[in-house]
Amino acid sequence: MSGHDGKSTLSSPVNLTGRGTKPGEGKKAWSLWLSAIIKFGGSDLIVKSDLKPRIRHRGVLKDVEVDMVTQDLMFQVARDILDEGQLEQFSRKGSVDFAYDYDDKNRFRVNMFMARGKPAVAARLITSNIRKFEELFLPQSLGDIAMSSQGLILFAGVTGSGKSTSIAAMLQYVNERKKVHIVTIEDPIEYIFKDDKATINQREIGIDCVNFNDALRALVRENPDIALVGEMRDYETFEAAVRAAETGHLVMGTIHASSAWQTFGRIYDLFPVSEREQIRKLLAYNLRSIVYQKLLPTLHANIARIPALEILINTPAVQKFILEGREGELLDVIKTRDAGMVDYTTSLVELVEKEFIHQSVALQSTPKPEELRMRLKGISQGASMVGR
């Protein structure tokens, strides 16, 4: 906020004195809102004072048909669901992160915060319902990659492209088949795993550990066979991940990049120029796979979105190209489809051929529209010949 003199001033702490309704009413409303997410298959809850609660379903926010939420009810929610330490932090800082267990199967990552002097809440459902490859329309080759004994597996794509869901499916695939120790470092935890053959420990930033760097430093002492290190967004995180892969661990993570082969440039940009040759060698010898993924709307009412993929696997040919600094030519290697690799354009063509997506959707999502248009033209001509 700004004072009359135009200088920036700090907001006052949240004053909870006398704010709220009857004890228990906040907990009752809170449980009702969370049950709506679970019942309707939503992913998030957004509650703002003086409006109806909203749940995010298939990416769209929809009102929950209940009364508008008063400020006093929101303050009572805080009093009813926060412990003493959390309530003190909310009062002092105007924001608090916490995890909330609705029941044995459904857990929520919650942020309660002040916005323009009024309390609000954002909650994300963390579910134990981890879907299998076939349910997600992912290839079985990801299962083979997940069963690797060591190396680095990267999922590339933008936020909301389903990377975490695909990684969860891979970890669950291992969980059902292999006696290993899996440690995840997440911000936030998005899926709850139940130990099967594997032993799984999930650590959440801000709850189980202070930050990624501290958690990564402790990782080796936790004796994992497989580690998920969340998003690789900086030098320290990526270096720790690739070093863990080098010492015999299987490490999974996500990175923002626009294709599998272009991920290399994104990685090198994290490092000083003087260190890039060394990281290139580490990648050449320790990379297992890079999977680029993008979710696309389908032609089917019962399938909201389907992944288009580009999969690079570190074959001897790929390793040679990396060592020689020819990462820009890797798309040609991917197109050979050796060892289960697939390029993004081919993935789009196959989705159109199988009538999962419309041609217009494929063309809108590709960085190579002319190449895709030529290949789709072949499909159309073939279809017209069959119809004669």
Side-chain angles (χ1 to χ4, degrees), residues 145 148-161 163-164 167 183-188 203-206 209-222 224 226-294 310-334 341 344 367:
I145 294 168
S148 304
S149 59
Q150 70 177 90
L152 180 65
I153 299 171
L154 295 176
F155 264 78
V158 299
T159 301
S161 58
K163 301 186 296 292
S164 296
I167 288 177
V183 175
T184 75
I185 304 169
E186 302 172 74
D187 182 21
R203 308 192 70 201
E204 186 162 32
I205 303 299
C209 42
V210 176
N211 54 48
F212 269 109
N213 290 340
D214 286 353
L216 286 165
R217 279 192 286 269
L219 184 63
V220 176
R221 297 193 298 273
E222 290 153 10
I226 299 174
L228 168 62
V229 297
E231 185 181 340
M232 297 184 187
R233 65 188 81 178
D234 54 37
Y235 171 96
E236 291 82 6
T237 305
F238 194 89
E239 184 183 44
V242 76
R243 294 292 182 187
E246 185 185 26
T247 54
H249 303 84
L250 182 65
V251 181
M252 299 185 186
T254 65
I255 190 167
H256 282 275
S258 55
S259 72
W261 63 274
Q262 288 180 350
T263 300
F264 292 94
R266 179 74 182 87
I267 293 169
Y268 297 148
D269 285 344
L270 297 175
F271 291 83
V273 175
S274 60
E275 296 182 26
R276 290 178 186 174
E277 192 56 36
Q278 178 62 21
I279 204 66
R280 173 176 277 116
K281 290 178 180 178
L282 287 171
L283 279 175
Y285 292 114
N286 296 292
L287 180 69
R288 178 68 181 91
S289 178
I290 299 176
V291 181
Y292 170 75
Q293 178 170 314
K294 186 173 185 177
E310 184 165 88
I311 301 176
L312 178 145
I313 296 172
N314 195 6
T315 62
V318 169
Q319 184 182 84
K320 181 176 183 291
F321 273 53
I322 297 172
L323 287 171
E324 293 175 355
R326 298 165 61 194
E327 294 89 347
E329 300 173 46
L330 281 173
L331 183 56
D332 293 331
V333 182
I334 296 171
M341 288 191 276
Y344 188 68

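Given the structure is predicted, the values throughout are model-derived calculations rather than measurements.
- Minimum interatomic distance between Ala257 and Thr263 (heavy atoms only, all atoms of both residues): CB-OG1, 3.5 Å.
- The closest donor-acceptor contact from the side chain of His249 to the backbone of Ala244 lies under 3.5 Å.
- Atom CD1 of Ile334 is separated from atom CD1 of Ile311 by 10.0 Å, given to the nearest 0.5 angstrom.
- Taking all atoms of both residues into account, the shortest heavy-atom contact from Val251 to Ala241 is CG2-O, 3.7 Å.
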Just distance, no hydrogens or angles: give the donor-acceptor pairs under 3.5 Å from side chains in residues 214-221, sequence neighbours left out.
residue: Asp214; atom: OD1; partner: Arg217; partner atom: NH2; Å: 2.4
residue: Arg221; atom: NH1; partner: Arg217; partner atom: O; Å: 3.4

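- The shortest distance between side-chain heavy atoms of Ser161 and Tyr292 does not fall below 4.5 Å.
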Stepwise side-chain contact (heavy atoms from CB on, under 4.5 Å) check, Val242 with Leu287: CA-CA 8 Å; Val242 76; Leu287 180 69; over 6 Å; no
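- For Glu327, the side-chain contact (heavy atoms from CB on, under 4.5 Å) criterion is met by Phe264, Tyr268, Arg280, Ile322, Leu330, not counting sequence neighbours.
- Listed by chain and number, the residues in a side-chain contact (heavy atoms from CB on, under 4.5 Å) with Glu246 are Arg243, Leu282, Asn286 (sequence neighbours excluded).
- Contact check for Gln293 versus Glu310: no side-chain heavy atoms found under the 4.5 Å cut-off.
- Looking at heavy atoms from C-beta onward, Arg288 lies out of side-chain contact with Gln150 at the 4.5 angstrom threshold.
- You'll find the side chain of Leu152 reaches within 4.5 Å of the side chain of Met232, heavy atoms only.
- One distance of note links CG of Asn213 with CD1 of Ile185; it measures 10.0 Å at 0.5 Å rounding.
- Heavy-atom minimum distance, Leu283 versus Phe238: CD2-CZ, 3.9 Å.
- Residue Pro224 comes nearest to Val183 through the heavy atom pair CB-CG2, 3.8 Å, listed as atom of the first residue, atom of the second, then distance.
- A donor-acceptor pair is defined here as one N or O able to donate and one able to accept, closer than 3.5 Å; such a pair exists between the side chain of Ser289 and the backbone of Leu312.
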Stepwise side-chain contact (heavy atoms from CB on, under 4.5 Å) test for Gln278 and Phe271: CA-CA 10 Å; Gln278 178 62 21; Phe271 291 83; over 6 Å; no
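- Side-chain contact between Val333 and Arg326: absent, with no pair of heavy atoms (C-beta onward) separated by less than 4.5 Å.
- One distance of note links OG of Ser259 with CG of Leu331; it measures 7.5 Å at 0.5 Å rounding.
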Trace of the side-chain contact (heavy atoms from CB on, under 4.5 Å) decision for Phe212 with Asp234: CA-CA 10 Å; Phe212 269 109; Asp234 54 37; over 6 Å; no
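- Note that CE of Met341 is 9.0 Å distant from CG of Asn314, once rounded to the nearest 0.5 Å.
- Side chains of Ser164 and Phe155 form no contact here, defined as non-hydrogen atoms less than 4.5 Å apart.
- Between Glu231 and Lys163 there is no salt bridge, since no side-chain N of the basic residue sits under 4.0 Å from a carboxylate O of the acidic one.
- Of the charged side-chain nitrogens involved, none lies within less than 4.0 Å of a carboxylate oxygen, so that Lys281 and Glu277 do not count as a salt-bridged pair.
- Without hydrogens or angle criteria, Ser148 side chain to Ile145 main chain gives a donor-acceptor distance under 3.5 Å.
- Counting heavy atoms from C-beta on, the side chains of Ile255 and Ile267 come closer than 4.5 Å.
- The line from CG of Leu154 to OG1 of Thr254 is 8.5 Å long, rounded to the nearest 0.5 Å.
- Summarising the geometry, atom CD belonging to Glu186 is positioned 7.5 Å from atom CD belonging to Glu204; distances are rounded to the nearest 0.5 Å.
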